[in-house]
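Submitted below is the structure of interest, expressed as structure tokens.
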Amino acid sequence: SAGGTPDSAAEGNAAVTVTLNWVPYGEHAPLYYGVEQGFFEEEGIDLTIQPGNGSGNTVQQVAQRNTDFGWSDTPPLANGISSGMPVRSVGVFLQTGPSSVEFFADQGITEPADLVGKTVGGTPGDAMYGTFPAWLELNGVDPADVKVVNVDAAGKIAALIEGKVDAIQGFHHDQAPTIENQSGEEVDALPFADFGMNLLGTGLVANESMIQEDPELVEAMVRATSRSFLEAADNQDAAVKAMAAGAEQAPEESVLSAQLAATIELLNLEEAPVPGTNTEEQWTDTLTFLSENTDFDGEVAPTEYWDATFGEDL
Amino acid sequence: MTTTEDLRADSSDGPPTATARATAKDTAVPGRGRTSAWGQAVRLADASWRPLVVLGLLFAGWWFVAWRELVPAYLIPSPGAVLETMVSERAMLLEHTWVTTVETVLGFVIAAVVGVATAVLLVYSKTAEKSLYPLILFAQVIPKIAIAPILVVWFGFGLTPKIILAVLIAFFPVVVSAVAGLRSVDPELLEMSATMGASRWRTFVKIRFPGALPQLMSGLKVAVTLAVVGAVVGEFVGADRGLGFVLLLASGNLDAPLLFADLILMSLIGVVLFVLVELAEHLLIPWHASRRGSVVLAAS
Amino acid sequence: MTTTEDLRADSSDGPPTATARATAKDTAVPGRGRTSAWGQAVRLADASWRPLVVLGLLFAGWWFVAWRELVPAYLIPSPGAVLETMVSERAMLLEHTWVTTVETVLGFVIAAVVGVATAVLLVYSKTAEKSLYPLILFAQVIPKIAIAPILVVWFGFGLTPKIILAVLIAFFPVVVSAVAGLRSVDPELLEMSATMGASRWRTFVKIRFPGALPQLMSGLKVAVTLAVVGAVVGEFVGADRGLGFVLLLASGNLDAPLLFADLILMSLIGVVLFVLVELAEHLLIPWHASRRGSVVLAAS
Amino acid sequence: MAATVLDGATTPSVATDPIIEVENLTMRFRSKRSETVALDDVSLTVRAGEFVTIAGPSGCGKSTLLKLVAGLTPGFEGKVHLYGAPVTRPQRDIGFAFQRSALLEWRGVRKNILLQAEMRGMDRRLAQRRADHLIELTGLTGFEKALPHELSGGMQQRVALCRALLHEPRVLLMDEPFGALDALTREQMNVEMNRIWRETGTTVVLVTHSVPEAVYLGSRIVVMSPRPGRIVETLEPGLPDERDYGTTLRDPRFTRAAERIRGLLGATHTPE
Amino acid sequence: MAATVLDGATTPSVATDPIIEVENLTMRFRSKRSETVALDDVSLTVRAGEFVTIAGPSGCGKSTLLKLVAGLTPGFEGKVHLYGAPVTRPQRDIGFAFQRSALLEWRGVRKNILLQAEMRGMDRRLAQRRADHLIELTGLTGFEKALPHELSGGMQQRVALCRALLHEPRVLLMDEPFGALDALTREQMNVEMNRIWRETGTTVVLVTHSVPEAVYLGSRIVVMSPRPGRIVETLEPGLPDERDYGTTLRDPRFTRAAERIRGLLGATHTPE
Ligand SMILES: Nc1ncnc2c1ncn2[C@@H]1O[C@H](COP(=O)(O)OP(=O)(O)OP(=O)(O)O)[C@@H](O)[C@H]1O
Ligand SMILES: Nc1ncnc2c1ncn2[C@@H]1O[C@H](COP(=O)(O)OP(=O)(O)OP(=O)(O)O)[C@@H](O)[C@H]1O
Ligand SMILES: [Mg+2]
Ligand SMILES: [Mg+2]
């Protein structure tokens, strides 16, 4: 049990697990901070944070009710729902998608056109892999001019540092600090969102039956999470400390704080002022883009994917 | 009268049919001993109806589960959907299947050759045994999924890392079974060979190796199924072709029909290669005691 | 005069030392036949120095590579760093090692029991063989990494899916080797047993099973190393404990020292369990031909 | 092929129940390569308490005949009955000594012998006492725990012999049980077999290559032809059941029978 | 222990080169359980062209002695020389017929025999011709392709015999090569062995349980005591090298030697 502080097991509190999209990295610091600060406890939630193995996997776990909540990226969630999984987003927190192309600064890449003739590492099956060609086209680059090689998630960073690839697809707020820390060299990224394609990012996912049976709990969860993000944004050092203490084998604190700082940027509180609140337009855009440019074959109907009720009162 | 099977299975109190069968045989049955094409077809049908029934049942169960929606379709898609995917994507799937098959076969062959060679070294040299065995064991116990990324970084995205993985994963069963086989040769046969002044090489080729074949074949059968896994894991980690790559795509997109189609093809490669090794076994060691029952003894 | 080893290795033209050794033996060496504690220690040292030297060399090579930075440290960290991690994180690592060990052992034991039982079924019943074999084969050839997520989805994050995976992965070598072993029993021994009116059960317990042990042990040795892999793969996919989980953490964070420490511990589990199975082999089948060389024959 | 009673002085075999009935038995071994006729139209009845010895050229089907009676070889033509019932499966109410010893290599001498008891669920104490007695009788004392590969050829054969005798079977089928023994041990074993036969009334069928052994032991001697094995002649020398070794070998009935058998086997010269 | 020349009429063994020299040979088998002294201070010299037969009780160490001479068993005390050189490893300039046939179960009769040629790299044509000749000689015609498990016990032994003879070795070590054969075949093989010995001048050491065989074949007969195996006596009956079977067996020298050996072995009664 990676996150629960022992004394939070107060009687009467609901034991709740949230399964992350990946092993803990800076993006998750607010959750640990919230646990440490007792934000969840105040909502009657005894939260356990569990590492995950990819967003798709996490969505499936939620669908099977092996876990109460999932922390998942939006495109895999959309795929899961369109293939029949009884899950909903109850609020996306990273409203700017973190998908990007990362590379060492000395590559001198500043725009998508610079990728022509380069080799880019990607992981088949993840969100970026499917949208990358469309994103290139959107920026006037013929996808055939960029060579994509396939590397699994764990091997991607090594492949980049080793020079096996010129750039990799990835979440820049997560990987860039890690790579910089490892290689000592500066890493730059072209976020897809900065070049014409913003897809919703990670957020909370719940099973439909959970939403029906215990909406109060879901609401409490969204509320506590939202508060945790807001508070963490203002107390980043404390949040990093909380995570370093609460998560087993978290990255180094320097990496964590870089990741957290980047995460806060992605909350995009201009469009929807509170973390966990989204607009229908954001959802429509994301779904439309997915359905036009990827294998996603679900309907473009935000309510099928997203339950807006929990973010409303934040 | 009582059949060989009965004895092989130690039936001390066999079924009452044994007598009936015996009587039937006593009243000379005409047409016995036919080795005609028809007879062969009958035998083949007799040998294969049970597996086919089992497969049929499996399929029916799957179909039923999907039909009654006992399990959500995103976990287990309907056979129809899978079949549809297989048909509509056949060109793509065939190409990837071919890639994985090539990797698997190459990996298996290398593992078999290197594995047997290593086993020979271990058996013939105490020094080699004591120094190499720990290394081999070490190479075996390291989870291959863990070192796959390192291999990709070192050997790039081509065929090499997949074959290396297939070899690494298939190697150990070959070594263990070959060592066991080479060791369990009747010492008297070795003595006999020694009095013939046979060189080590000749003793190996004519006595130890054929004697080790039954055990070696067990190891090869395990190895060939593992080689498939090795190739797929290699494709998992870094590839743009092969069934492992398709698997990643399918599972990333939560495309259950494609995923199942892919799994079925992987399994098919394994099954086909396994059956080929079994065929080789039948050709190479028809003499082995474990086979005698089916070859010898028949009264007219 | 010439040693048994020489014969076992078919030395038709052995090294010149053979004669020298023989002469040395002829001039009655005093103090032979000591089975003292000291003698045992000497023997143990003699048996283990080579593997230790090999390990030492490996370690030295690793250290050299890290020291000269031939390979970047995030790929291969220095032994010092790994050791440091092992020491500083020992409590955590120990706990996870324990978890994986329990999963592995449980999985292996179940695989061994179920595997042998299945093999018995296959050998004793033609029907079972023909209908079950395809199923077993099918279960084997499906890559476990591919079905691991499904298992986790079905059985949750607990111990169950890991053990199931360990069983699935370790099962096949047990079945194959047990079937081969049970089949290769000398038919004459079965005839002998039949004239004793032995029940199937007794024939199995007293003749077939002991006769199959040498081959079965080969299978178990392979199985035990695979069981580790099964458990780790299970942890990979859904767990918050165990070395597989730590591996995910470490590789996600590019924490190479932790990753290596983790790999070393996984390997250690495999090696230790393998050695335990080998010990069991020595205890169970000291009579086997493959062991004779080391037990018998010594002149004073 | 009717029994040639060489000497009418004693009526050796009383008309007791037939234990083994073999009628028009033919056995063919078929392989892809060839067909071997091991037995060709063999008929033989063994009555309770008889001691039948079988002599015949190597490869004539003696072992095959014994195995057929024991129900170990399927696929014959003709009739094989044991205790009045057709033989359709391995028979358990017998003791069988195989030509090759068929010992379990992982069991010591005593435990190999006791296998018989374990398989039959015999009383352990009794079996152990009998085993120890047989071990002494066959001169294996001191090797109770030796594994088969630590024994000489003759010692292995003696272990197999003890095993076949352990449960005092009503019918004993023995395939050259003394072939690997030296003259003295063989003689002792012969005397012992004769005693056991007389005292227990066991029905015995014994295959042997030694003509004196065949005559000394057998109340009836069956001589077989080369492959395809047929019964050439059945002799009843008419020797008394209790046979002192020295006296019997000088008995003219013995000498005559032995000579006749040698003649039938084609060994033209007197001592074997 | 000096050779007892029973009949001075012919001087059978000319003082040729010693081929096998065994001096003060002791062999102990040790296991965790016990120690078996298989051979105790045995000395024996076999000269070129001699035919030495060894008789002795089962388990006295005959097979062990043969294996020691062939260099197959390490760890003895004393001196064992072959062709004047100490035996420290398996010897190749010999032919060895094992007590158990030691056939390769995956090879047919002919290929089992030809193994000898393959292992030695003999001329293939020649070897095949010799193999076919031996197959005919031993009555295995028609079974050239039969696998060992399709053969009778005696047939297996004959295959092993052919294999040992194939390369016409200078020294033949034979461990009960005729034990599983019937009287007639054994007699034929004996005659054949005598002919081969005379014509090729091979040096032969042959272990047998048959006293007539020991005397008929041997130019010298070694009698051993029960375990621990010692040489009790060495006999030279002084029979002519060329021995007609019928005549020889009636020769008084033969009878005397056989009687003496039976006495030594403890078998008190006349025919085996
Ligand atoms: N399993 C088998 N398959 C094929 N042929 C066989 C088989 N068993 C025996 N035979 C053949 O049957 C014949 C008789 O064999 P069997 O063992 O009965 O002879 P035998 O009289 O016991 O000879 P021996 O005295 O040499 O032991 C032989 O020609 C042999 O080749
Ligand atoms: N490998 C071995 N380990 C232990 N003891 C052995 C071994 N080989 C032989 N012996 C013992 O040595 C003694 C002599 O055995 P050997 O085989 O030489 O007898 P033998 O004279 O050939 O007897 P037989 O006529 O019965 O074949 C026996 O007591 C036997 O138990
Ligand atoms: Mg026989
Ligand atoms: Mg012997």
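Just so you know, these numbers come straight off a predicted model, no measurement behind them. First the proteins, then the strands, lettered A, B, ... as listed; each starts at 1.
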Inset, instruction - May I ask you to name which of E/P148, E/G121, E/G95 has the most heavy-atom pairs under 4.5 Å with chain B? - result: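 Looking at each of E/P148, E/G121, E/G95 in turn, E/G121 comes out on top.
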Inset, instruction - Search all heavy atoms of B/A198 against all heavy atoms of E/M119 and return the closest pair with its distance. - result: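 That closest heavy-atom pairing would be CB-SD, 3.5 Å.
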Legend entry - B/R202 bridged to E/E118 by N-O distance under 4.0 Å: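 Salt bridge between B/R202 and E/E118, a charged N being under 4.0 Å from a carboxylate O: no.
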Inset, instruction - With a 4.5 angstrom heavy-atom cut-off, could you sort out which part of E/Q116 is near chain B: side chain, backbone, both or neither? - result: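 Answer is both: backbone and side chain atoms of E/Q116 are under 4.5 Å from chain B.
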Inset, instruction - List for me each residue that meets side chain to side chain donor-acceptor pair (under 3.5 Å) alongside E/E199, sequence neighbours excluded, and say none if there are none. - result: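 So E/E199 forms a side chain to side chain donor-acceptor pair (under 3.5 Å) with E/R195.
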Legend entry - Interchain contact, B/L213 with chain E, by part (heavy-atom threshold 4.5 Å):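 Neither the backbone nor the side chain of B/L213 comes within 4.5 Å of chain E.
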Legend entry - Candidate pair B/M192 and E/L115, rule side chain to side chain contact (heavy atoms under 4.5 Å, CB included), full reasoning: CA-CA 10 Å; B/M192 182 264 290; E/L115 182 74; 3.8 Å; yes
Legend entry - For B/G197 against E/R120, the heavy-atom pair lying closest together: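 The answer is N-NH2, 4.5 Å.
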Legend entry - Shortest non-hydrogen separation from E/R92 to B/M196 and the atoms involved: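 Heavy atoms only, the tightest pair is CB-C, 4.3 Å.
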Inset, instruction - Considering non-hydrogen atoms only, spot the tightest contact between E/L104 and B/K206 and give its length. - result: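 Nearest heavy atoms, E/L104 then B/K206: CD1-O, 3.7 Å.
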Legend entry - Between CG on residue B/L284 and CH2 on residue E/W106, distance to nearest 0.5 Å: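 Taking CG in B/L284 and CH2 in E/W106, the distance rounds to 12.5 Å.
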Legend entry - Proximity breakdown for E/L147 and chain B, heavy-atom pairs closer than 4.5 Å: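 For E/L147, the side chain is the part near chain B, not the backbone.
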Inset, instruction - Compare every heavy atom of B/T195 with every heavy atom of E/A70, then report the nearest pair and how far apart it is. - result: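 In terms of heavy atoms, the two residues are closest at CB-CG2, 4.4 Å.
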Inset, instruction - For residues E/R100 and B/D186, determine if any side-chain heavy atom of one lies less than 4.5 Å from a side-chain heavy atom of the other. - result: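 Yes, side chains in contact.
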Legend entry - side-chain hydrogen bond (donor to acceptor under 3.5 Å, both in side chains) pairs, two or more places apart, involving residues 126-139 of chain E: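 Checked against side-chain hydrogen bond (donor to acceptor under 3.5 Å, both in side chains) - neighbours excluded - the pairs reaching residues 126-139 of chain E are E/R110-E/D132, E/R130-E/E168.
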Legend entry - Interchain contact, E/R163 with chain B, by part (heavy-atom threshold 4.5 Å):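 The answer is the side chain of E/R163.
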